[in-house]
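Taking it in order: structure first as structure tokens, then the write-up.
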Amino acid sequence: MTILLYDLVGHNESRPFSPHCWKATMALAHKGLEFSTAPTRFLEVPAIEGGFSKTVPVIRDGDKVVTDSFAIALYLEEAYPDRPTLFGGEGGKAMARFIERWSQSTIHPYVTTAALVDLHAMQDEENASYFRKSREQRFGKRLEDVVAARDAGLATFRATLEPLRSMLSYQPFIGGASPLFADYIVFGALQWARIASPYKLLEDGDAVARWFTRCLDLHGGLGRKVAAAA
């Protein structure tokens with residue numbers, strides 16, 4: 001039975017952008033599982049599976065419904081143990097938890113700063129109104145004023161990636177010789193930026209940029225099926 005993934009989109013259903021949904025997408029592909037997607041906009045999320053979750057991703061696998069990208073990865077690892085591992089054992093799960101906390105406290109805030117106006121522009125009229133109101137309440141300022149700080153923060157953001165950059169001098173993926181869910185966590189954050197905004201986060205020769213290119217090529221170039229923002 002094909003797994004159903006509820007995937008966050010804007011007015012263009014062919015451009016899913018959520019970092020968390022991309023984590024789930026890559027995890028499903030890593031496991032070699034057949035899945036279809038249900039394009040879902042912000043204001044449609046509360047109605048998913050009869051109000052099952054306030055956030056996406058959500059998957060339905062037969063009678064099982066799971067929300068949260070990490071919980072989805074754990075479910076897939078347990079439900080499909082004969083498929084390629086997403087964690088490589090309990091230590092890999094613990095490592096991935098650390099990577100998730102690091103990504104969401106280091107990468108996500110700057111991507112938000114850099115891409116907030118572009119993310120707003122991706123929404124249809126109704127969802128754009130919701131997006132502006134909710135994000136301006138969160139930040140206490142206009143979207144445009146948040147994004148105005150991105151140039152000043154770019155060098156600092158790039159410097160915060162040095163631990164990842166240094167690690168990649170030893171191995172091609174966070175997971176080692178091949179990717180694990182930890183890679184998809186960081187990939188999701190940078191894919192979010194790539195799809196939402198043309199703003200250049202990384203220099204071309206950066207080891208992190210080269211790793212991201214390798215991730216885009218995984219699973220038959222799955223990440224490239226959505227073009228970068230022009």
Side-chain angles (χ1 to χ4, degrees), residues 3 5 7-8 16-33 35 55-59 61 66-112 115 157-196 201-202 206-226:
I3 295 171
L5 167 66
D7 205 357
L8 190 65
F17 60 85
S18 164
H20 308 295
C21 293
W22 272 104
K23 285 186 272 181
T25 295
M26 297 296 277
L28 287 161
H30 183 101
K31 283 289 188 182
L33 297 165
F35 66 98
T55 62
V56 286
V58 174
I59 65 165
D61 184 16
V66 187
T67 186
D68 179 80
S69 59
F70 208 103
I72 288 169
L74 292 173
Y75 165 75
L76 295 175
E77 189 79 341
E78 181 177 345
Y80 299 96
D82 57 326
R83 303 295 184 109
T85 180
L86 285 163
F87 297 102
E90 292 301 313
K93 293 177 185 178
M95 177 189 72
R97 283 291 189 196
F98 170 79
I99 294 295
E100 183 172 64
R101 293 300 92 203
W102 175 79
S103 178
Q104 292 191 12
S105 64
T106 302
I107 302 177
H108 282 233
Y110 185 74
V111 172
T112 299
F157 167 71
R158 289 175 174 175
T160 64
L161 300 180
E162 186 54 35
L164 176 59
R165 194 174 290 117
S166 177
M167 187 214 65
L168 290 169
S169 68
Y170 294 92
Q171 58 200 52
F173 293 99
I174 300 171
S178 58
L180 292 174
F181 188 63
D183 289 89
Y184 304 142
I185 291 169
V186 182
F187 171 79
L190 296 179
Q191 178 77 327
W192 175 35
R194 171 182 171 270
I195 292 169
L201 295 187
L202 302 171
D206 192 326
V208 177
R210 294 196 299 271
W211 163 86
F212 183 64
T213 296
R214 291 194 291 276
C215 289
L216 285 170
D217 291 335
L218 293 170
H219 314 307
L222 178 60
R224 296 188 187 280
K225 291 184 178 179
V226 181

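Worth knowing before you read on, the calculation uses all heavy atoms, side chains too, and leaves out hydrogens, waters and symmetry mates.
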Exercise. Can you check side chain to side chain contact (heavy atoms under 4.5 Å, CB included) on Ile185 and Phe98, steps first, answer last?
Worked result: CA-CA 10 Å; Ile185 291 169; Phe98 170 79; over 6 Å; no
Exercise. With sequence neighbours left out, what residues match Glu90 under salt bridge (charged side-chain N to carboxylate O under 4.0 Å, His left out)?
Worked result: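 Here the qualifying residues are Lys93.
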Closest non-hydrogen atom pair, [X] against [Y]:
X: Gly175; Y: Asp183; answer: N-OD1, 2.8 Å
X: Thr85; Y: Lys31; answer: CA-NZ, 4.0 Å
X: Cys21; Y: Leu5; answer: O-CD2, 4.4 Å
X: Pro16; Y: Asp7; answer: CB-OD2, 3.3 Å
X: Ala193; Y: Val111; answer: CB-CG1, 3.8 Å
X: Pro172; Y: Ala177; answer: CG-O, 3.8 Å

For this session: Mind telling me whether Phe157 and Tyr110 have parallel, tilted or perpendicular rings, with 30° and 60° as the class edges?
Result: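 Rings of Tyr110 and Phe157: parallel, as their planes differ by under 30°.
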For this session: Look at the aromatic rings of Phe70 and Phe87 and report parallel, tilted or perpendicular, splitting at 30° and 60°.
Result: tilted
Compare all side-chain heavy atoms of [X] with those of [Y] and state whether any distance is below 4.5 angstrom.
X: Leu202; Y: Leu161; value: yes
X: Thr112; Y: Trp192; value: yes
X: Thr213; Y: Arg210; value: no
X: Met26; Y: Pro179; value: no
X: Gln104; Y: His20; value: yes
X: Thr67; Y: Thr55; value: yes
X: Leu190; Y: Ile107; value: yes
X: Trp22; Y: Phe187; value: yes

For this session: Could you give me the CA-CA distance, side-chain angles and deciding distance for Trp211 and Phe173, then say whether side chain to side chain contact (heavy atoms under 4.5 Å, CB included) is met?
Result: CA-CA 7 Å; Trp211 163 86; Phe173 293 99; 3.9 Å; yes
Determine whether a donor-acceptor pair (N or O, by modelled atom type, separation under 3.5 Å) exists between the side chain of [X] and the backbone of [Y].
X: Arg165; Y: Arg158; answer: yes
X: Ser105; Y: Trp102; answer: yes
X: Ser169; Y: Ser166; answer: yes
X: Asp217; Y: Arg214; answer: no

Hey, could you give me the [atom1]/[atom2] distance between [X] and [Y], rounded to the nearest 0.5 Å?
X: Ile3; Y: Asp61; atom1: CD1; atom2: CG; result: 4.0 Å
X: Leu76; Y: His30; atom1: CG; atom2: NE2; result: 10.5 Å
X: Tyr184; Y: Glu100; atom1: OH; atom2: CD; result: 15.5 Å
X: Leu74; Y: Leu86; atom1: CG; atom2: CG; result: 9.0 Å
X: Phe212; Y: Arg194; atom1: CZ; atom2: CZ; result: 5.5 Å
X: Ile195; Y: Ser18; atom1: CD1; atom2: OG; result: 9.5 Å

Problem set entry | Worked check of side chain to side chain contact (heavy atoms under 4.5 Å, CB included) between Thr25 and Gln191 | CA-CA 12 Å; Thr25 295; Gln191 178 77 327; over 6 Å; no
Problem set entry | Residues Val208, Val186; criterion side chain to side chain contact (heavy atoms under 4.5 Å, CB included); working and verdict | CA-CA 10 Å; Val208 177; Val186 182; 5.8 Å; no
